[in-house]
Amino acid sequence: MNTPLDKNGFAARKQHKKTLRRATVLAGMSAAALLLMPLAHAQTSPSSETAMVRLIRGLIESGALKKDVGNALLAQAQTEAIAVQQAQRQAVAAAAPAAAGRSKIEPGDVRVPYISASVRDQIRDEVKGEIMAQARSEGWAAPNETPEWTKRIRVEGDMRLRGESRFYSANNSNIETDWRGINSGTGYDVNSNTNLALPQLLNTNKDRANQLRIRARLGIFADISESTQAGLRLASGSDDSPVSTTQTLGGGLGKKNVWLDQAWLSYKFNEMVKVTGGRFGNPFMSTDMLFSNDLNFDGLVAQYDKTLANKDISVFGTLGVIPLEYSSDSSPSRSQTKLSSQNKWLLGAQVGAQWKLDNENRLRGAVAYYDFKNISGRTSDSCTLYAGADGCNTDWSRPAFMQRGNTLMLLRTIALDPTSPANTPQPQYVGLASKFQLLDLNARWDTRIAGGYGFRLDGNFIRNLAYDENEMFRRATVGIVNNGGTAQPGVRGDFKSGANAYMLQATLGNPAPAVQGEWNVLAGYKRIEPDALPDAYNDSTFHQGGTNAKGYYLGGNYAIDKNTQFSGRWFATKSVYGAPVSIDTLQLEVNTRF
């Protein structure tokens with residue numbers, strides 16, 4: 001067993017050997033330099049510097065030698081130069097009698113034998129080769145090469161410039177409550193005796209034309225080893241919405257926001273199994289009818305991918321544990337009694353396969369199950385807000401983010417002030433009335449038609465297996481808020497909902513144009529019933545996001561340069577049930593990536 005002294009001694013001997021190797025190579029180069037010096041410069045005075053000393057000084061100044069190592073070699077070279085000069089003078093003095101009759105040799109003269117040009121070139125190449133080989137092996141320098149770690153880092157990004165216009169029908173209802181805004185505030189007082197103001201409302205009848213918008217994303221991704229990878233990406237965005245990283249320009253020319261879009265670490269156990277944790281891109285095969293293309297996921301995901309023996313069929317699978325929201329540790333903030341922890345989760349599982357039928361036909365299909373746990377609203381216990389209570393005990397069950405379309409329920413059971421029950425304010429929050437357990441079926445067919453043009457057909461069907469209208473009304477003891485208005489307990493009125501969603505899209509041309517001149521055109525149709533899926537996570541353009549929407553869309557993409565596309569899309573949508581709301585959207589944009 002080595003003692004610390006043994007270890008230090010070993011390190012010292014190792015460093016001494018390394019220094020001797022450098023000195024040996026440098027001495028060889030110095031000797032060659034001396035041999036190659038013209039004869040006219042052979043005479044030097046005892047006080048002048050030798051080629052070795054000048055060489056070492058140059059290497060220190062250029063950074064090829066560390067300063068401490070170079071200074072040590074420099075001192076040794078100067079000492080050896082003085083000793084050599086003294087030995088030369090002594091040798092000349094001793095040989096003077098025997099050299100009588102020959103030309104007189106002055107002290108300090110050095111005899112240099114003649115070296116032919118070919119030999120000089122050979123010596124130069126050999127010394128240079130030895131010096132460079134040692135420099136590379138010991139890490140002195142690597143000309144024309146970047147450091148090794150940079151080869152494992154890649155930078156990726158994309159930029160989008162969009163012009164967007166939204167057009168609203170003159171027949172639209174002019175009352176659509178902004179429940180997301182209400183939930184993010186202090187609630188809406190539903191008692192008409194104490195509040196005559198309307199709730200926050202969404203725009204449904206005034207066009208918004210020619211808005212300029214941008215999206216910018218920049219990511220750094222590292223291959224730590226053959227098994228471990230990491231990624232970090234920043235993105236623009238008007239707010240912390242999970243479904244959009246688009247930033248509207250204007251705003252008095254103020255600076256724009258930058259958000260942490262991705263931050264993940266993955267480990268690959270073998271060629272088939274990989275686990276990723278952090279914040280990462282969508283790991284499931286899905287369409288934007290369920291998950292927006294800008295949506296990223298938090299949590300842990302395991303992925304399996306294997307190509308079968310005939311190499312025409314591959315199978316894949318994904319398991320994900322996604323935390324959606326954690327309740328506050330200190331809620332209610334102004335109460336000595338805190339609420340217990342309440343966590344919301346998405347558990348997802350998917351299996352699928354890809355099949356190469358022949359050179360022109362490919363099929364891909366997947367079936368997935370998504371269980372959104374604890375995201376539905378809860379009716380509170382009686383809470384005495386009039387007496388100063390800090391909220392109600394189910395305020396946590398309101399969604400962290402909403403778009404539009406889901407059936408909602410009032411959350412608070414508000415106790416009335418016995419001294420003035422009719423004039424007791426009743427500020428309400430809302431939560432999701434339905435539970436969500438989704439069966440998701442996806443299919444894609446790629447082929448070629450009409451003389452070799454690419455043709456792709458995508459289909460998606462979603463069914464909310466947990467949808468139960470009767471159960472929603474049993475749970476919503478305070479009241480239901482829906483596209484048909486507010487329904488009191490036991491009185492359903494014009495309430496309508498549904499549990500199904502489907503879409504079909506056809507694409508002609510190259511699905512992902514990247515080379516100048518490549519193109520595609522597409523057309524599709526969607527129908528999303530109010531409670532087919534949570535309205536928070538899907539595409540924010542189709543009917544301005546969410547559910548209770550149906551309509552068609554047309555689009556096209558043309559590559560105007562390498563990795564640069566000009567795109568256009570037209571969406572014509574309207575509500576499925578309830579008050580009429582029709583929205584047409586035009587988007588023209590240029591996308592580039594690097």
Problem set entry | Validation row: Arg456, Asn520 side chains within 4.5 angstrom (heavy atoms) | no
Problem set entry | Student check: side-chain heavy atoms of Val478 and Thr413 closer than 4.5 Å | yes
Problem set entry | Inter- and intrachain pairs under ring pair (Phe, Tyr, Trp, His ring centres under 6.0 Å), touching residues 377-418, at least two apart | none
Exercise. Where do Val481 and Thr177 land on the side-chain contact (heavy atoms from CB on, under 4.5 Å) test, with the steps shown first?
Worked result: CA-CA 10 Å; Val481 180; Thr177 304; over 6 Å; no
Exercise. Looking at OG1 of Thr246 and CD of Gln587, how far apart are the two atoms once the value is rounded to the nearest 0.5 Å?
Worked result: 8.0 Å
Exercise. Are the side chains of Asp240 and Trp259 in touch, meaning some heavy atoms are under 4.5 Å apart?
Worked result: yes
For this session: Could you check if a side-chain atom of Tyr537 sits within less than 4.5 angstrom of a side-chain atom of Gln403, using non-hydrogen atoms only?
Result: no
Problem set entry | Single hit among Asp288, Thr287, Asn460, Thr573 for side chain to side chain donor-acceptor pair (under 3.5 Å) with Lys526 | Asp288
For this session: Measure the shortest side-chain to side-chain distance between Ser434 and Asn406 over non-hydrogen atoms and say whether it is less than 4.5 angstrom.
Result: no
Exercise. Is it the case that Ser567 and Asn557 place a side-chain donor and acceptor less than 3.5 Å from each other?
Worked result: yes
Exercise. Got a sec, which residues hit side chain to side chain donor-acceptor pair (under 3.5 Å) with Asn183, two or more places apart in sequence or on another chain?
Worked result: none
For this session: Can you sort out the partners of Arg213 under salt bridge (charged side-chain N to carboxylate O under 4.0 Å, His left out), two or more places apart, ordered by chain and number?
Result: Glu164
Problem set entry | Non-neighbouring partners of Trp264 that pass side chain to side chain donor-acceptor pair (under 3.5 Å), sequence neighbours left out | Gln262
Exercise. Lys435: what forms a side chain to side chain donor-acceptor pair (under 3.5 Å) with it, not counting sequence neighbours?
Worked result: none
Problem set entry | Sequence-distant partners of Lys373, salt bridge (charged side-chain N to carboxylate O under 4.0 Å, His left out), two or more places apart | Asp371
Problem set entry | Heavy-atom check, side chain of Leu249 versus side chain of Lys256, under 4.5 Å | yes
Exercise. Given side chains that start at C-beta, do those of Phe280 and Ser266 come closer than 4.5 Å, heavy atoms only?
Worked result: no
For this session: Report yes if the side chains of Gln544 and Thr204 come closer than 4.5 Å at any heavy-atom pair, otherwise no.
Result: no
